[in-house]
Structures are given as structure tokens and as C-alpha cells.
Amino acid sequence: MALKSWKELPIGCVVSDPGSASEYHTGSWRSQRPIWDNAKCIKCGICYVYCPEGCVQQTEDGFFKADLDYCKGCGICSHECWPRAIKMVEEE
Amino acid sequence: MGKRIGMEVAIAVAEAVGLCDIDMAAVYPITPQSHIAEHLSDLVANGEIDAEFVTVESEHSAMSAVIGASGAGARSFTATSSQGLMLMHELLPIASAMRLPICMAIANRAVSGPLNILNDHTDIMPQRDSGWISLFVENGQEAIDLSIQAFKIAEHKDVMLPVCVNIDGFQLTHMVEPFEMPSKEEVEKFLPPFVPHATLHPAKPVTMGAFAMSDYFTEIMKAKNEALKSSKKVILEVWDEWARLFGRAYKPVETYQAEDADVLMLTMGSMGETAQMAIDQLRAKGIKAGLVKLRLWRPFPLAEIKAVLKNVKKLIVTDRAISFGGPGGPVFSEIKSAMYAEARRPLIYNYIYGLGGRDVAVGEFVGMFDKVLADTKNEAADTYEFWGVRE
Amino acid sequence: MIEVRWHGRGGQGAVTSVELLAVSAIAAGKFAQGFPSFGPERRGAPVAAFTRVADKKINVRSGIYEPDVVLVLDSSLIGLINVTEGLKPDGKLIVNTPKSPEDIRKALDYKGTLALVDGTGIARKEMGVPIANTTMIGALLKVTGIMELDAMKEAIEHRFGRIAQKNLNAMKRAYDEIKIYN
Ligand code: SF4
Ligand code: SF4
């Protein structure tokens, strides 16, 4: 996409298309991915709360998983999960 | 022409703002602005104006609150002084970058330290580069008129920038003096409803104040600078309209006895009127002295300044602040840089004066002229001096 | 232009008086300024306040250093501060005191025009309070002729509501009772 000139900028640089951040696929930053071990998971939801990308989702059975389009592999979910149900593994 | 009434200027400013159909005000009281805060909150509490008065715990919060309210589409007002303005400093460029037409009255007061509550311009000068339109007044009438005009200028679709009106603390805010107050109907006719360029609303979400990296930052700075520069056109239109409606004309640079003057003095704010009396005394002695009053500080009126100064031999720039360790007073630096490339330019002298409420009487302005005229070898030109300092 | 300097103590109403006087003079068609000595407000501390009245627009905004009239609201200030400082040679000194002109002249080593009235005594009788700021406006108007006593009515009523009439009565008595010694 061509960058805009100063004359083409909206007043005050207001971003008028809501949710446009979803076009930004932070999953490409990932060098490690979180792997859930549901046998250890107590469904406390801490991983869901702490994920800075908001990409941890709850599945129908009540367990959690990351949307890998946005998961940037930061490891915060794994660090915060006190039953140690999330392991970070190297991306291939 | 309205009826002339007498009132304290700070109270009158609050009354004038009360005529402007504001939606919200967030004001943290600080001397010498307090009477503006108190009276405005009275007007809201008494139901005389239909606005939200947000009580805040600091000026940082006051500015944050008006930014939020203005972003939501509310006509928003605040007022401050000195340390309060310094505390707002961080947010001022954000308000202008988001192009929010907030209006602010500043009761100018010296910045600490040492603590001093009296008047000078050391509070507004550090805000110079914040992207706000910055206006100066020299009496109560101007304080009222510009407080009303500020909303029209700020909210014009080609401007959409915050405006501050600089009103000398105590010298003006605490003075009971005569002026005409426009009527509610006159202000209603003059000031159209606020139509924001965008609003924060859940029904149609937008992002204000988004992040921008080096690929866009330069373009955004350029756009903001152009917006501020081109606001002058609207400011002039608003002043024309005001002159037609109320018979009081305003200009970016105003003059008194300047046309044939050999030596001019430049002032900002309330000192202009006292300096004007000095001009009368000098003229009576046959000295061709004149006065230039800078009303529009930002956007800086380059063309007007050049036009006024092109034929004069000597110019005395008076500054009520200093750039420590720098080339002199901030106004002096700007005027010098404005005149640098001109083929004909005056010798420029700089007096730093009236700091922390130090009074300057008519005779002292005469003394400044005498001193500059006595400098026949032009030795003191291009330098600055603390006027009246004890050695 | 007439320039007046008021001397009082914080809380005695000197600032209110200069305000009422300026508002009334402007309503009467004159130009006026009323202002306090700038700075922090402290109850009981000596304070000064200033009035300028003229028939045309007043441009000067510096302080008043050579007043035409000095009005002393609280005579206990005499000896504490130099109340006649800068008073013009043909100026007038008004003092709120029950004392004799000889006593005041001696205390101040002052030979110019002197005007005395027991404003506090009047205020006590007319209003039941020993606060003479509005009372002394009557004295000032008599001595200077800045404007008619009636011109104060609207501002006093606006400011004092129910007790306005008492203030006006006290003001009138000071106007009638002040004695001028040349
Ligand atoms: S933090 Fe760990 S235990 Fe809690 S829900 Fe997430 S994975 Fe399960
Ligand atoms: S690794 Fe980071 S981004 Fe990915 S799911 Fe865990 S917390 Fe979210």
C-alpha cells in the first residue's frame, strides 16, 4: 500500500474504520508457540485474561487455545498459568 | 453598542464563557485564575448554564478531561495558570494533534521557583511549541471578546485546533474595570453550534490518538504545522465579523503612533496600555516613538510583523520571560529571526522586565526609550538586559 | 483622574469597597479601576487597595505611587506603616477615627488636608458591626465629590441584599458627619 502524503491524512489522524487492528497479523512475529495440556488445566481463565494480544479463546468444552494468526509467542500465558498447563515450544 | 458595566475581569471571563453554550468545563483552581473557576462553577451550580462542571484533582486531569470531552463532541473549556499550565504541558500537544477545539483561559503568572504568584509570561512561553493558537489581551474588554471568539476560531472546520487566551494574572484578572458584555442573543448569533470533525461514540467507533511510527510521523507534524499556519485566515475572518457586529476591531499586530516612528517598542499583554502613555509623553517631547502590540503569538504573524517593522530604525522588544542561557527573551528571538532575511531591518534591543509581578510604571517605559536613543554607537543592539535589576 | 489608596487589614473589606466604588462609578458613566494590592490574602495583615476614577478611558495599569487621596480604614495602622507615603502635596488624608485632628497630625507629622470621621462608631450604631468599609465610602465621596451618594445604591443593594439599607444609612451618616480640616 502506498504511503499517504501529509495532505491526504484525515484531520487529527482519526482512524475511522473500527477494528482495523485485526488486519495486523502479529502471528508472524512468533518464534515459540503455546501448547495447552488440558489434563493439567483447571479452567481458571488466567491465560485468557493475561494474553496481551487478546488471542486466547475459550473452546466449547471450556478449555483454552490461542488464535495463531495473532499469537505472537510472548509466553505470558505460559508464565502466568500456575498449574503449568501451557508449554512454549520452538516453531519449526 | 452594549451598556458599559464594571466587573472584575476574571468574573467577566467566566460570564463570557457562560454565554458560549459550553457543554463541559474541567477547571482546577489556582491563583490568580481561581475566580474564573469559582464563578464558572457557580453558574453551573445555579443552573444558569447547562453544562457539566467536572471537578478534578489536578490540572493534568483537567486537561485530560477536556480532551476526552472534546473528543466526544462536547464544547469544552478549561482555565489555568503557572504551575497548573506546566502540569498540563504534557497533554497540550496531544490536544492539538488530535485537533480538538478546546478553549482555555490562562491567567498568566510566574513559574516557580522561587514560588511567586504574580504576573509575567514565564508560564505560556514553554508552551509555545505545543500547537495551540495563542492570543494575548491587554484589557478586560479584550479578555471577554477573545474568550468568546476563541470558540468560533477553534471550532471552524478549517481550523479544529485548541486556543488559549492569555490574560495577565492580577493586573487584569483582579481588576474591576469597565467593558461591554455581549448579550446572550448576540453570542448565539455569532457562535454556531459545534460540529466536531469526528466523535468518540459507541455507535460509530473511531480511534483517536493512534500510534504512528517514522513512516508517518513527519507527515503528521507537517499537517499539524500547516493547520496552525492556515488558521490565521480564519482568525482574521472572525475578527472582521466581530468588528462588524460589535464595533471592536482586532488585528494580529496592533500599532500606536507607529507609522512615522523612528523607534518602536513591542509589548504583549497588559503592559501595552501603560507603554502607550509613555509614547504620548515622548511624542509631547518631539520624539518619534511608537508602539507595536503583538496579539497573535501562534500562529506567528510573520508578514504583519515585517510590514510594521520595515521602516523603523530601532526596535525595543520587551519580554516578560527569558530563555535561560539562550539568546534573550523568547519574543526577541522570534522577532529577530523574522527580520533576519529582510533587506531593511531595525536594530533590535531587548529588555526583560515585569518578572514575577514587578511593576513597571510609565516613566520606566520612557526610560527604556531614552536608553536606546542614547545608544548612538548601537553598542547595545542585539543584546538583552534585565530592566531595573539591582546590581 | 483621581487616584485613591486605601489602607486596612485583611478582612476589613477594603477590597470590597474599591470594587463597589468602581462598579458604581462605571454605572454612573465614569471610567474606573478598582484593584487590591496583588498577592496572597491574609486576614489581619495590613493591606492596601486602590481606586482610579476618571472621565475618560484609563490606560495606566501600573500601581498607584502618588495618590490624590489616602483613606485609612483602620487607624491602628498609623505608626505601623507610612500611610502618607507618596501622597500628593495637595492631596487629602481621610482617617476612620474618633480622635482629634491634632492627635492625628501629631502622630503622622502631617500638615495637609485632613478629614476625620468615626466610621467604626457609626457602623456599630447603624449596622451593629464594627466594620466600616462601606461607611467610609460615604466619607470618601464627601471629600472627593467623585459622584453622588445615590450612585452607590444599586451596587450596595446587589451586594448586601437585606442589609443593604443599613449600609446605605451608615454611608450617609459618614457623608454628613465627616469633618474636613485644611
Ligand atoms: S491459565 Fe492454565 S489452568 Fe488456567 S485456564 Fe489457562 S491453561 Fe488452564
Ligand atoms: S504466547 Fe503470548 S500471544 Fe500467544 S497466546 Fe500466549 S500470551 Fe497470547
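What you see is a predicted model, and the numbers here were worked out from it, not measured in a lab. So that the names make sense, note that chain A is the first sequence line, chain B the second, and so on, each numbered from 1.
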If only atom types and distance count, is the side chain of [X] paired as donor or acceptor with the main-chain N or O of [Y] below 3.5 Å?
| X | Y | value |
| --- | --- | --- |
| C:Arg105 | C:Gly112 | yes |
| B:Glu59 | B:Leu87 | no |
| B:Thr274 | B:Val362 | no |
| B:Asn166 | B:Leu135 | yes |
| B:Asp123 | B:Ser81 | no |
| B:Gln83 | B:Ser112 | yes |

inquiry  = Regarding C:Arg61 and B:Glu177, does a basic nitrogen lie under 4.0 Å from an acidic carboxylate oxygen?
reply    = yes

| message | Taking the basic N atoms (NZ, or NE/NH1/NH2) and the acidic carboxylate oxygens, is any pair closer than 4.0 Å for C:Lys92 and C:Asp90? | response | no

Applied to residues 84-140 of chain C, the ring-ring contact (aromatic ring centres under 6.0 Å, His included) test, sequence neighbours excluded, yields none

Problem - Residue pair C:Asp118 / C:Thr120, side-chain donor-acceptor N/O under 3.5 Å - result: no

Original post:
Taking atom types as modelled and ignoring hydrogens, do the side chains of C:Thr134 and C:Arg159 form a donor-acceptor contact shorter than 3.5 angstrom?
Top reply: no

Among residues 12-19 of chain B, residues within the sub-4.5 Å heavy-atom range of chain C, in order of number, are none

Within residues 277-285 of chain B, the residues sitting under 4.5 Å from chain C by heavy atom, in sequence order, are B:Met277

Shortest non-hydrogen pair, B:Gly356 vs B:Ala110, comes out as CA-CB, 3.9 Å

So for [X], is it side chain, backbone, both, or neither that comes closer than 4.5 Å to the heavy atoms of chain C?
| X | value |
| --- | --- |
| B:Glu138 | backbone |
| B:Ile5 | backbone |
| B:Ser270 | both |
| B:Gln276 | side chain |

Comparing B:Asn119, B:Asn139, B:Val360, B:Asn116 against chain C, the one with the most heavy-atom pairs below 4.5 Å turns out to be B:Asn139

Among B:Pro32, B:Pro178, B:Ala275, the residue with the most heavy-atom pairs under 4.5 Å to chain C is B:Pro178

Evaluate whether atom CD of C:Gln165 has more than 12 neighbouring non-hydrogen atoms of other residues, nucleotides or ligands under 6.0 angstrom away. yes

What part of [X] gets closer than 4.5 Å to chain B, counting heavy atoms only: side chain, backbone, both or neither?
| X | answer |
| --- | --- |
| C:Leu21 | neither |
| C:Lys30 | backbone |
| C:Tyr65 | side chain |

If you tally heavy-atom pairs under 4.5 Å between each of C:Ser24, C:Ala22, C:Gly29, C:Ala32 and chain B, the highest tally belongs to C:Ala32

N/O donor to acceptor pairs below 3.5 angstrom from side-chain atoms of residues 140-149 of chain C, sequence neighbours left out:
residue, atom, partner, partner atom, Å
C:Lys142, NZ, C:Tyr175, O, 2.7
C:Thr144, OG1, C:Leu140, O, 2.7
C:Thr144, OG1, C:Ile146, N, 3.3

